[in-house]
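What you see is a predicted model; the values in this text were computed from it and never measured. Values below: every heavy atom of this structure, side chains too, minus hydrogens, waters and symmetry copies.
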Protein chains: 2
Amino acid sequence: MVTSTVPYSRPLHNLEYSGEHAPSTPPSLVEEACSALERIGCDLKKPAKSIVFRQGESADFIYFIQSGALRLDYQLEDGRNLVLDFLWPGRVLGIVENDVYAWSAIALVDVHLKRLRRSAVQTLAQNYPGITDLLLKQKTASLMAAKNHIILMSHPTATSKLIGFLLDYSKQPEYFNQATQVLTLVMSRKDIADYLGMTFETTSRIFKYLETKNYIKKINHRQIQLNTRMLLDP
Amino acid sequence: MVTSTVPYSRPLHNLEYSGEHAPSTPPSLVEEACSALERIGCDLKKPAKSIVFRQGESADFIYFIQSGALRLDYQLEDGRNLVLDFLWPGRVLGIVENDVYAWSAIALVDVHLKRLRRSAVQTLAQNYPGITDLLLKQKTASLMAAKNHIILMSHPTATSKLIGFLLDYSKQPEYFNQATQVLTLVMSRKDIADYLGMTFETTSRIFKYLETKNYIKKINHRQIQLNTRMLLDP
DNA sequence: CGAGTATTTGAGCAGCATCAATAAGAGTGG
DNA sequence: CCACTCTTATTGATGCTGCTCAAATACTCG
């Protein structure tokens with residue numbers, strides 16, 4: 001049941017965030033840092049729906065996503081649950097928080113993680129400057145994701161929010177089939193709603209609306225064929 | 001006209017973000033880094049409403065805010081303007097973007113900045129590990145601000161968004177008088193609206209509503225006395 | 001003081017939330 | 001493999017919140 005469907009173990013040097021020019025650290029140092037991290041990391045597989053860490057827990061570990069997908073949840077005092085982000089391979093969990101995790105991480109599908117003790121990473125960072133560099137890039141990636149999230153939430157209508165979400169999501173090669181244009185949703189209607197700031201009934205209704213307008217075609221609840229041209233157009 | 005009302009020049013070592021435990025770098029290194037940065041930085045004063053940098057411009061400089069307040073604007077293709085953040089002394093501008101600035105920075109009041117050439121900071125960072133550390137902390141600060149922003153935008157009603165905004169804002173000591181409980185708004189109704197994802201008419205109406213409920217008392221358009229206890233209660 | 005900008009206020013409507021009921025899928029054990 | 005249960009998704013009816021367009025008022029700055 002916990003058996004992952006992952007065919008191969010992704011090497012850590014795929015983690016580098018390419019959205020920023022390498023500032024001063026040469027690539028060799030980053031590679032060195034990755035292999036150093038690889039040595040102290042341990043492989044960890046978690047089944048779908050399992051919790052990797054909980055908001056408020058002592059933040060002892062950081063995790064590199066090798067494969068799969070996760071959801072970051074933030075529990076509000078008023079009882080609402082907010083989805084802060086969806087995470088894909090190449091991203092890192094647990095580097096932002098200080099002594100305790102500021103949010104929870106939940107596996108959406110079976111995931112393959114590399115777990116590293118935070119203190120070990122910090123010790124290692126003293127000898128490998130590439131590590132700090134890598135963490136800096138990961139934080140930039142988180143920040144850009146947050147900016148994107150804010151832009152999505154600022155859209156005036158639920159329809160444009162959802163269209164923006166689908167277009168962003170379709171950039172994930174493991175869940176969007178370019179040939180068939182079919183997007184596999186790894187998250188529920190409620191997850192999407194909690195991410196975009198709406199109710200899951202509205203999410204469902206907008207999916208329906210998009211189908212009547214031929215923007216999308218529902219294969220089943222979790223498989224949706226996109227009409228990318230039309231979604232990008234209006 | 002460009003004369004700043006700032007009484008003193010804030011030393012750079014006030015910049016350290018205290019929300020995270022110092023990982024491994026001892027404080028002495030951070031101080032060293034700050035004085036090194038101080039040497040290559042040049043003082044810059046900008047009047048209220050002036051643009052520090054524009055979205056899309058070549059990101060040659062980073063700025064440390066010594067005093068004043070700024071607004072980060074993101075221009076969308078559809079013509080809407082989004083306020084991504086309000087920045088206060090101690091924060092840094094321009095470290096997130098890569099080769100071009102991803103958003104614009106506008107002075108809300110007269111500001112005093114320390115301007116540093118990005119390339120010079122990168123060169124200096126090779127000798128002073130504290131610099132990378134400081135940048136890492138600043139990115140964490142940006143990310144936490146973004147998380148807060150997302151939480152605010154997720155609130156179900158415009159009233160709770162605005163209350164959340166006022167409570168967050170009242171943490172700024174230079175604009176909230178603890179004794180009189182008066183908050184000085186450095187931003188317009190439209191700025192607040194563009195930050196929270198609503199129209200400025202709604203912002204105005206909610207201010208009115210909060211006054212009728214005795215949650216706030218308007219001294220004038222830009223001076224508002226808060227009834228903090230009532231705002232925190234419901 | 002006057003022109004331009006920011007804010008307030010009003011009326012009407014559209015979109016989304018709420019509550020509620022049904023339908024479709026997924027998971028489980030016989 | 002099927003029947004049963006539990007979860008997830010859809011659909012419906014209704015009311016309220018906040019948007020739109022429009023006008024009036026307050027404030028700012030030269």
Between [atom2] of [N] and [atom1] of [X], the distance in whole Å:
X: A/Glu211; N: D/dT11; atom1: CD; atom2: P; value: 9 Å
X: A/Phe207; N: D/dT8; atom1: CZ; atom2: C1'; value: 13 Å
X: B/Lys218; N: D/dA26; atom1: NZ; atom2: P; value: 12 Å
X: A/His155; N: D/dC19; atom1: NE2; atom2: C1'; value: 17 Å
X: B/Ile192; N: C/dT8; atom1: CD1; atom2: C1'; value: 14 Å
X: A/Arg189; N: D/dT11; atom1: CZ; atom2: P; value: 11 Å
X: B/Leu162; N: C/dT7; atom1: CG; atom2: P; value: 13 Å
X: B/Phe200; N: C/dT5; atom1: CZ; atom2: C1'; value: 11 Å

Donor-acceptor contact present, side-chain B/Gln172 to main-chain B/Trp88, <3.5 Å: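 No; zero donor-acceptor contacts below 3.5 Å.
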
Looking at [Y] and [X], is there a salt bridge between them, counting it only when a charged N and a carboxylate O are closer than 4.0 Å?
X: B/Asp194; Y: B/Lys190; result: yes
X: B/Asp110; Y: B/Lys46; result: no
X: A/Asp43; Y: A/Lys45; result: no
X: B/Asp60; Y: B/Arg117; result: no
X: A/Arg71; Y: A/Asp85; result: no
X: B/Arg189; Y: B/Asp191; result: no

Terminal axis angle for the helix from C/dC1-D/dG30 to C/dG30-D/dC1, five pairs an end, nearest 10 degrees: 60°

Neighbour count >12 (heavy atoms, 6.0 Å) for atom NZ, A/Lys217: no

Per-nucleotide protein contact string for nucleotides 13-27 of chain C, where B marks a base within reach and S marks sugar-phosphate only (heavy atoms under 4.0 Å, - for neither): ---SSBB--------

Interface residues of residues 180-188 of chain B with DNA chain D (non-hydrogen, below 4.0 angstrom): none

D/dT11 phosphate, OP1 or OP2, under 4.0 Å from A/Lys208 side-chain N/O: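 Indeed, a polar side-chain atom of A/Lys208 lies that close.
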
B/Asn227 versus B/Asn214, side-chain donor and acceptor atoms under 3.5 Å: no

B/Tyr101 and B/Phe53 aromatic ring geometry - parallel, tilted or perpendicular at 30°/60° bounds: parallel

Axial cation check for B/Tyr63 ring with B/Arg115, 6.0 Å and 45° limits: no

